[in-house]
There are 2 protein chains.
Amino acid sequence: MFDRLKASLDRLLPLTQEEFIHFVMLLKPRRLTKNEHFLRAGEICTHLAFINLGCLRYYYLKDGEEFNGQFFFEGAWVGEYQSFLTGQPAVQYFNALEDTELLVMHRSDLQQLYADVPKFERFGRVLAENVVIGSQHRTASLLFETPEERYLKLLKERPKVMERVPLHHIASYLGIKPESLSRIRKRIAENR
Amino acid sequence: MFDRLKASLDRLLPLTQEEFIHFVMLLKPRRLTKNEHFLRAGEICTHLAFINLGCLRYYYLKDGEEFNGQFFFEGAWVGEYQSFLTGQPAVQYFNALEDTELLVMHRSDLQQLYADVPKFERFGRVLAENVVIGSQHRTASLLFETPEERYLKLLKERPKVMERVPLHHIASYLGIKPESLSRIRKRIAENR
DNA sequence: TCATTTACTTAACCTGAGTTAAGAAAAAAG
DNA sequence: CTTTTTTCTTAACTCAGGTTAAGTAAATGA
């Protein structure tokens with residue numbers, strides 16, 4: 001049950017058996033069926049979630065249209081930072097792309113943990129720092145790569161996304177419409 | 001000399017006089033003249049910098065063209081996370097848009113500080129968390145706002161950028177060419 | 001002070017992604 | 001097993017932003 005979590009935490013900060021158990025005690029399992037939401041815009045994000053099995057995406061909704069921000073798989077931590085940290089309503093939606101098993105921690109339990117065991121501040125810091133790096137890659141990609149470049153990079157660097165996520169979601173992630181992704185795929189297939 | 005720093009730190013985490021002095025002792029002043037670089041792609045980002053006076057931007061270079069990632073003013077902390085944290089070569093360029101006064105802290109001094117005074121882990125965490133929030137706003141904006149919407153939002157929410165940054169840099173930040181920004185500005189002036 | 005560079009705008013033409021509409025294929029539901 | 005829904009593709013047309021080129025104004029430097 002906690003094997004993947006243990007492996008994931010070990011890469012962030014080494015913990016004693018005791019510390020790991022302390023951490024695990026604050027987690028609760030939560031299951032999502034495919035398409036079920038973990039969080040909706042307008043709600044307060046009260047929990048941070050570890051993906052033990054399955055797959056989530058977060059997206060924005062604008063004029064009735066969805067825009068995919070990111071896809072997450074086993075071993076990732078998810079939650080809306082903006083809401084989780086400030087207590088303001090979320091602007092992102094999180095939903096499951098597959099049946100998913102989460103291990104969730106409540107905001108107040110995490111804050112208590114920071115207060116009780118200062119060592120865990122490092123967990124929070126390293127987690128946030130990794131999110132920064134990922135988010136800045138994403139910004140750079142949207143800023144100066146063409147949709148075709150983004151698609152080829154995704155194909156090469158994140159094959160799991162290509163295998164497990166429908167193309168219309170990928171199009172949205174790339175910042176284009178499904179029709180445009182079809183065109184790009186055709187262009188590439190005919191290599192020109 | 002440290003008034004602005006004190007005010008900025010107070011918002012991140014309350015420090016005793018002693019702790020503040022400990023922190024300040026690790027800082028060194030550094031001046032940049034207009035257009036001077038704080039960091040270039042390929043270099044290792046060894047310092048985190050507090051902007052005491054002036055203005056910086058970070059940008060990416062692709063096929064000889066600059067793409068502005070963000071603008072920073074007095075009171076902001078800057079540095080390339082990816083390089084600072086992993087020790088890998090930077091991919092971003094940081095340069096001064098005006099004559100600028102920085103207070104810089106070396107990577108190893110910050111790490112030593114984390115080790116010596118665990119309380120400062122919180123500084124690192126909260127700093128990173130704020131960067132996450134900013135970076136995700138930026139991603140969202142590039143993902144689903146039109147260049148015109150981004151321009152109007154910048155005008156409204158960050159007038160300082162409009163006042164202190166040349167339009168061609170703003171165009172690049174918005175993800176368009178200067179000519180397109182001119183068109184957008186004309187369109188807005190004729191309100192249609 | 002004069003020359004040069006930088007900043008900004010305008011206009012004509014081009015291009016790639018959006019839009020609309022339709023249909024085929026695969027997956028899910030009954 | 002059949003129907004319905006979802007996923008994906010194709011094609012014609014539109015349009016915002018890119019490209020190229022030129023010109024004006026302001027800032028900078030010799």
Side-chain angles (χ1 to χ4, degrees), chain A residues 32-36 55 57 59-68 71 95-99 141-155 161-192, chain B residues 32-37 55 57 59-60 62-68 71 95-99 141-155 161-192:
Chain A
L32 300 172
T33 59
K34 187 173 171 174
N35 291 325
E36 192 179 345
C55 172
R57 65 176 175 134
Y59 65 93
Y60 300 90
L61 201 58
K62 191 205 177 191
D63 303 332
E65 194 180 352
E66 296 180 1
F67 296 85
N68 289 132
F71 305 110
N95 88 351
L97 289 166
E98 304 170 359
D99 291 348
S141 171
L142 288 168
L143 188 59
F144 63 76
E145 288 174 1
T146 63
E148 178 165 336
E149 288 171 329
R150 287 199 282 276
Y151 174 73
L152 289 170
K153 205 166 160 186
L154 191 69
L155 215 56
V161 173
M162 295 306 301
E163 287 157 23
R164 294 168 67 175
V165 178
L167 286 178
H168 68 276
H169 281 323
I170 290 175
S172 164
Y173 173 81
L174 297 175
I176 56 177
K177 303 292 159 188
E179 296 89 335
S180 295
L181 180 54
S182 270
R183 270 189 294 230
I184 288 170
R185 284 160 59 83
K186 191 179 178 186
R187 208 151 65 209
I188 291 169
E190 294 168 359
N191 52 222
R192 51 189 175 88
Chain B
L32 300 172
T33 58
K34 186 172 172 175
N35 292 324
E36 192 179 346
H37 279 80
C55 171
R57 66 177 174 131
Y59 65 93
Y60 301 90
K62 190 204 178 193
D63 303 331
E65 193 180 351
E66 297 180 2
F67 295 85
N68 288 132
F71 305 111
N95 88 351
L97 289 166
E98 303 170 358
D99 291 347
S141 171
L142 288 169
L143 189 58
F144 63 76
E145 289 174 359
T146 63
E148 178 165 337
E149 288 170 330
R150 288 198 282 275
Y151 174 71
L152 289 170
K153 205 165 161 187
L154 191 69
L155 216 55
V161 174
M162 295 306 301
E163 287 157 23
R164 294 170 66 175
V165 178
L167 286 179
H168 68 276
H169 280 325
I170 290 175
S172 163
Y173 173 80
L174 297 174
I176 56 176
K177 302 291 156 187
E179 296 88 335
S180 296
L181 180 53
S182 271
R183 270 190 295 231
I184 287 170
R185 284 161 59 84
K186 192 181 180 187
R187 208 151 66 208
I188 291 169
E190 294 168 0
N191 53 219
R192 52 187 176 88

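Labels below follow one simple rule: chain letters A, B, ... track the order of the sequence lines, proteins then strands, and each chain is numbered from 1.
- Comparing D/dG17, C/dT10, D/dT9 by their nearest atom to the side chain of B/P147 picks out D/dG17.
- Residue A/L167 contributes atom CG, which lies 7 Å from atom C1' of D/dC8 at whole-angstrom precision.
- For the pair A/E145 CD and C/dG16 C1', the computed distance is 17 Å after rounding to whole Å.
- Atom-to-atom, CD1 of B/I170 to P of C/dA7 comes out at 12 Å; the value is rounded to the nearest Å.
- For the OP1/OP2 pair of D/dT6 and a distance below 4.0 Å, the side-chain nitrogens and oxygens of A/H168 include no atom meeting the criterion.
- Per the geometry, CG belonging to A/L181 stands 14 Å off C1' belonging to C/dG18, to the nearest Å.
- Between C/dT9, C/dA21, C/dG18, one nucleotide has an atom nearer to the side chain of B/S182 than all others, and that is C/dT9.
- Taking all atoms of both residues into account, the shortest heavy-atom contact from A/K62 to B/E145 is NZ-CA, 4.3 Å.
- Across all strands, A/R185 comes closer than 4.0 Å only to sugar-phosphate atoms, never to a base (heavy-atom distances).
- Side-chain atoms of A/E179 lie closest to C/dT19 of the nucleotides C/dT9, D/dC8, C/dT19.
- Summarising the geometry, the separation between CG on B/N35 and P on C/dT5 is reported as 16 Å, rounded to the nearest angstrom.
- Put simply, CD on A/E148 is 16 Å from P on C/dT15, counting in whole angstrom units.
- Side-chain polar atoms of A/R183 and A/S180 form a donor-acceptor pair below 3.5 angstrom.
- Using a distance-only test at 3.5 Å, with no hydrogens or angles considered, no donor-acceptor pair links the side chain of A/T33 to the main chain of A/E36.
- Put simply, the side chain of B/R183 and the base of D/dG18 share a donor and an acceptor less than 3.5 Å apart.
- Contact of the B/R57 side chain with the B/V165 side chain is not registered, since no non-hydrogen atoms from C-beta on lie closer than 4.5 Å.
- The CG atom of A/L97 sits 16 Å away from the C1' atom of C/dA27 (whole-angstrom rounding).
- A donor-acceptor pair shorter than 3.5 Å cannot be found between the side chains of B/R150 and B/Y173.
- The shortest distance between the side-chain N/O atoms of B/K186 and the OP1/OP2 oxygens of C/dA11 is below 4.0 Å.
- What separates CD1 of A/I184 from C1' of D/dA11 is a distance of 17 Å, to the nearest Å.
- When the nearest nucleotides of DNA chain D are assigned to B/K34 and B/S180 by heavy-atom distance, the more 5′-ward of the two goes with B/S180.
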